Amino acid sequence: MGTTLERNKNRTRPKKAAGKKNRRRRDQKKRLIALGMDEKVVEQMNSRDVLTALKHPKKIEAAAAEKS
């Protein structure tokens with residue numbers, strides 16, 4: 001017979017690492033800046049706002065082109 005950890009898949013799956021999460025957030029902010037958003041505005045955004053903005057990249061590009 002196996003131990004509880006061997007039988008229970010939920011306990012053996014890998015955990016999310018904080019370093020990887022921070023790297024993803026940093027990369028997402030870089031993507032927004034590359035699309036044309038102001039760097040100061042991006043720095044003030046929280047992670048949920050960044051994800052929402054990345055869902056519509058054409059709107060970001062259009063807004064950046066409008067400012068220029």
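Remember, it's a predicted structure, so these values are computed and weren't measured experimentally. Hydrogens, waters and symmetry mates are skipped; everything else that's a heavy atom, side chains included, is used. The first residue in the sequence is number 1, and the count goes up from there.
From L51, atom CG reaches atom CZ of R25 across 8.5 Å, with rounding to the nearest 0.5 Å. Interatomic distance, E43 CD to K29 NZ, rounded to the nearest 0.5 Å: 5.0 Å.
Among all heavy-atom pairs drawn from A64 and L35, the shortest one is CB-O, 4.1 Å.
Scored by the side-chain contact (heavy atoms from CB on, under 4.5 Å) test, K20 finds A17, R23, R24 as partners (sequence neighbours excluded). Not counting sequence neighbours, the partners of R31 by the side-chain contact (heavy atoms from CB on, under 4.5 Å) test are L54. Under the rule for a side-chain contact (heavy atoms from CB on, under 4.5 Å), the partners of N46 that lie at least two apart in sequence or sit in another chain are R48, D49.
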(Q) If you apply the rule side-chain contact (heavy atoms from CB on, under 4.5 Å), what do you find for L32 with M45, and how did you get there? (A) CA-CA 11 Å; L32 284 177; M45 295 172 76; 4.2 Å; yes
